[in-house]
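First comes the structure, then the notes that go with it.
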Amino acid sequence: MGLLDYFRATRPKSANVAKRRLEILVAQDRRTQGEPSYLANLQKELLVVIRKYVNVNDDAISIQKEQDDDREILEVNIVLPDDGGNDRY
Amino acid sequence: MARIIVVTSGKGGVGKTTTAAAMAMGLALRGFRTSVIDFDVGLRNLDLIMGCERRVVYDFVNVINKEANLRQALIRDKRCENLYILPASQTRDKEALTREGVGAVLEELSDDFDYVVCDSPAGIEKGAYLAMYYADDAIVVSNPEVSSVRDADRMIGILSSKSRRAELDEEPIKEHLLVTRYSPKRVEKGEMLSVDDVLEILALPLLGVIPESQAVLTASNEGVPVVLEEKTDAGQAYQDAVSRYLGEDLPHRFIYNEKKGLLGRLFRG
């Protein structure tokens, strides 16, 4: 690390912007890369079924597939609204 | 048994074919029997970069379909007797490649060669998939540029999950990163991602840095693998990459802006 590195840090440079954008994007790509392609559809259809009974938002559901050594786990999280979503009935 | 090396990137135009030609020639010049295969069926270009485009008679697809044997299709390089080129077909599409067919050709090549270099097409479709499927080593080529780095990361994920080695639960493909079209001057100005930035994101061992260089275009104009242009920066950078691939521990060159006087050298510390 030379003296020049100190000067580099003070410049608002496009390379820094590029790196920041890449870090976010690549992390996101890596999360979704191993996912089976049916997950997005499954999520949509589950949401429709759940809404028959409870009034939830689009972002109330999240699905993740995890892999242990000897088994795969499909984890479905549904967050119910504070009022229990009962106002539908 | 040959070692199978795939040169891949995801994104097009980053220097895969230039790299495949340079690595293959570099290995052949050091005495290894080497063949290099163009997997870009329908858009063949390796023969042009190698300067043997007028000697193509049979191609990779002909061999897979048993319309010709390997001996008929392989083109011996005129500059180095250890080097053979297997061109892609220009008239077929990527569907002409099959996993079994590619496997059979690679197995036959393995008996006669020390290294088989597979020049992958861009993208992540069949040609690219088959180019990496049987690989032992991968050279992932990336420019210091956002879309190229992102695609390289995607390709690294595919190498570790979709290859034969991954499917058979064998030791994973040994991956190397080659950063091409690097401009130390622009990096210094903060206009280009640095090698360190790219390494931080892709986290692969660095095989080399090829500087942005007029020599690459000149060499491809003339059909000469740039590694043969020993006096040029890109030629030397590829020679270094070949040495590192073979296990030599060389310091990286062409990473810093060399247009500095005494002051610059002092600053670098």
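If you're wondering where the values come from, they're calculated on a predicted model, not measured in any experiment.
- Between the side chains of A:Q43 and A:N41, no donor-acceptor pair is found at a separation under 3.5 Å.
- Remark: B:E145 engages B:K11, B:N143, B:S147, B:S148 in a side chain to side chain contact (heavy atoms under 4.5 Å, CB included) (not counting sequence neighbours).
- Looking at B:T17 and B:D119, their side chains do bring a donor and an acceptor atom within 3.5 Å of each other.
- For B:Y133 and B:F39, the distance between ring centers is not under 6.0 angstrom.
- Residues of residues 153-167 of chain B lying under 4.5 angstrom from chain A, judged on non-hydrogen atoms, are B:D153, B:R154, B:G157, B:I158 in numerical order.
- For the pair B:L202 and B:V149, the tightest heavy-atom approach, listed with the atom from each and the gap, is CD2-O, 3.6 Å.
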- Task: May I have the step-by-step check of side chain to side chain donor-acceptor pair (under 3.5 Å) for B:R99 and B:Y134, ending in yes or no?
- Result: CA-CA 9 Å; B:R99 200 157 93 175; B:Y134 293 99; 4.8 Å; no
